[in-house]
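Written out below as structure tokens is the structure these notes cover.
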Amino acid sequence: MTRPRLVPRDIAILYVRELRAALRERTMVMNSILLPIVLYPFILWVTITGISFVQGLTQGFVSRVVVTGLPPEHAELRDTLDALESVELRDEPADAVEAVEAVRARELDAVLEFLPADVAGSALSGNFRVRVSFDRSEARSRAARERVEAAIERYRDRWLEWEAGGLGLTPEELEQFRVASRNVASEREMGAMLLGTIIPLFLVVMVALGCFVPAVDATAGERERRTWETTLTLAASRASVVTAKYLHVATLGALAGILNAVAVTVALGPIFRPLMAGGSEAFEFRIPVSAVPIMVLGSALLALFFAAAMMILAAFARTFKEGQSMVTPVYWLAIIPIVLGESPDNRLTAGIALVPVANVAMMIRDAIVGRFAWPLIGLTLLVGLGLVAVCLWSARWVLQFEDLLLGSYDGSFWKFLRDRSPVVGRRSRQALGRPAA
Amino acid sequence: MTGPTISVRALSKSFYDEFRGEVRAVDGIDFACLPGQIFGLLGANGAGKTTTLRMLATILKPTSGEASLLGHDVVADPEAVRRNLGFYSASTALYPRLTARETLEFFARVNRYPGERVTERVDYLVERFGIAEYADARVDKLSSGMKQKVSIARTVAHDPPVLIFDEPTVGLDVLNALEMQDVIRHLRDDGKTILFSTHIMSEAEKLCDHIAIIHRGKILASNTLDGMRRDTGKHYLEDIFVAYVGGRKEIEAAERAALGAQER
């Protein structure tokens, strides 16, 4: 292979031409600008609205409940349940077995069976056990269970208070110990935790999506439009032509990722607010300024990788459609490591830093939640740049074959590797191509 | 400059074909184009014309032999060759999402026309090729006749001394084909050296100062039309062509072989 001649002036002219043409193409504007801004905030909004709607529907149901075996000294509990607007106490069927059958038949939502306390518990007067029978496969039955359990819990607290008062004690003294939990995370930390879970995943998907159409368009699309040969007759070197195309694809990919991160951050608050209303935890969605450079760097790294990988595969296609089918596996393969690492407690470790794509996602997550492990960030960048270098070397190797460059190669990617790769190739035909059609 | 503008010596190009093995599309050809000349490469379909021109345009690398344009070797200095060359063919379409004006500007700049004179050059081309009315329309909105004009204008955007036209009238109607011939003639009158391939005899007869007959990758004859008339004793180029190539059956067999290779 001869040394590629890169001329910055030529690259700049070609890059501007590619970008100008791309931004006039509806599909590319849609994929690289509009979808990143709108798609995920919209999906989140639809999801949250859907959840709220279903919750509202469930809350709107009146739970049909039968109570059996209630000890007479706890008659007040029945009054408590009866007072709930969301619960309707029914007298029939009075038999517990029949009532449970009615739950199965979805004629009732829950059955409360008051049972005698076990041997140890029976020493205390008025003690009892309660069994709530419900159907977990039914949303309204699950809601009925939550309602009656909450009512019993409240009644129990009042009962303990009363019992403890009779003995001159506080409820805590009577219970010996009580567990109380307190969230010490600030609203901003809670928001960062949620952003750190969502944004890296969306960023990877969006950078890949942003590279997808431009990568196919700049290679197979040019062939389909018969402009590839026009490009090859320009006075710029082949290396400059390919570099300009590569940078243009990577730019659109990185742009898609960054726009999406901004859109999701801005949209998350208004979208989540209705769901959080009345909840005990508050969230503040703001990306720390210190995380921004890492996010930009991560987006650029992902974009450089996706652009190279997708362009190599799309170079084997002769039409846009063929190119799309060839590039799609890269898109899905990229998502796998992200999904595997999608636990909020995962963090960038030396092991993860060696896994492409997942390492960048984890690096971004850590930055959003305020963790900066510089040696691991360095390792991630090194691995990412190494991968990009491998892709670029592969692109250079692939493009030395005239038939592939001119679009007359009609085999698959795997056939190409099998026949021509110096590593796995069975026969090397590097000097030969197919006739120009 | 007194030497040839384009010089080709023992130039060959082989391809690998899955079914036929190695195919020699161009087989050791020699020719030279003099400055200010229209040099016609005449041959049937699949004779090796396009492959030869693509090698001269540095799109393909020769398997062996040498070719140079204004002294620049096509292998050693391809960028210099392309800087001095305008290449026009049916397979070099325009970028559809640029306007006609942007297209001319782009080609002038990237092919190293002096930056400070690009706007002036674009205005001149817009005027000369009569594309002012649609200069700011996107190429994909233009009719085929309009595209043809823009395409010729972009070929000469950087004012190259050498032009290659590969079957430029293929697919054009009679009027557009005649207009194309006029343009080529005028460009020759402007002092350009033009290498022109065709399989249409009348076109070669009207335009070319020098003709090379190419068949099955070999040049069978290279002379002026008058010289070929003298050598063969025939008057019409069609008869001259058949006399060199060896009859209708031979031409058809060669065309079939070339077509078969392309289809596979």
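What's counted below: heavy atoms across the whole structure, side chains too, no hydrogens, waters or symmetry copies. In the text below, chain A, chain B and the rest are named by the order of the sequence lines, each starting its count at 1.
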Checklist entry - By a 4.5 Å heavy-atom criterion (distance strictly below it), what part of A:L14 contacts chain B: side chain, backbone, both, or neither? => result both
Checklist entry - Considering all heavy atoms of both residues, which atom of A:A235 and which atom of B:R83 are nearest to each other, and what is their separation? => result CB-CG, 3.5 Å
Checklist entry - Are A:E402 and B:K13 close enough for a salt bridge, meaning some N to O gap below 4.0 Å? => result yes
Item to check | Heavy-atom pair of closest approach, residues A:R5 and B:P78 | outcome: NH2-CD, 3.8 Å
Item to check | Toward chain B, the part of A:V7 with a non-hydrogen atom under 4.5 Å | outcome: side chain
Checklist entry - Looking just at side-chain N and O atoms, do A:S237 and B:E79 make a donor-acceptor pair shorter than 3.5 Å? => result no
Checklist outcome for this item: So, the part of A:R20 with a heavy atom under 4.5 Å from chain B: the answer is side chain
Checklist entry - Can you tell me how far the CZ atom of A:R223 sits from the OG atom of B:S91, to the nearest 0.5 Å? => result 13.0 Å
Checklist entry - Does any heavy atom of chain A fall under 4.5 Å from the side chain of B:F107, the backbone, both, or neither of them? => result side chain
Checklist entry - Does a side-chain N-to-carboxylate-O contact under 4.0 Å join A:R24 and B:D140? => result no
Checklist entry - Taking atom NZ of B:K147 as the centre, does the number of heavy atoms from other residues, nucleotides or ligands within less than 6.0 Å exceed 12? => result yes
Next on the checklist: In the structure I gave you, are the side-chain heavy atoms of B:R97 and A:M28 within less than 4.5 Å of one another anywhere?
Outcome noted: yes
Checklist entry - For chain B, which of A:T230, A:I13, A:D10, A:L23 has the most heavy-atom pairs under 4.5 Å? => result A:T230
Checklist entry - Contact part of B:S151 toward chain A, heavy-atom cut-off under 4.5 Å: side chain, backbone, both or neither? => result neither
Item to check | Result of checking B:L60, B:T92, B:I59 against A:L232 for side-chain contact (heavy atoms from CB on, under 4.5 Å) | outcome: B:I59
Next on the checklist: Any salt bridge linking B:R54 with A:E229? Criterion: basic side-chain nitrogen under 4.0 Å from a carboxylate oxygen.
Outcome noted: yes
Item to check | Part of A:T231 within contact of chain B (heavy atom distance under 4.5 Å) | outcome: both
Item to check | Side chain, backbone, both or neither of B:L85 within contact of chain A (heavy atoms, under 4.5 Å) | outcome: neither
Next on the checklist: At a 4.5 Å cut-off on heavy atoms, which part of A:R238 comes close to chain B: side chain, backbone, both, or neither?
Outcome noted: both
Next on the checklist: Taking the six-membered ring of B:Y95 as reference, does the cationic atom of A:R17 (NZ for Lys, CZ for Arg) lie under 6.0 Å from its centre and within 45° of its axis?
Outcome noted: yes
Checklist outcome for this item: Counting heavy-atom pairs under 4.5 Å with chain B, the top scorer among A:T233, A:L234, A:V16, A:L405 is A:L234
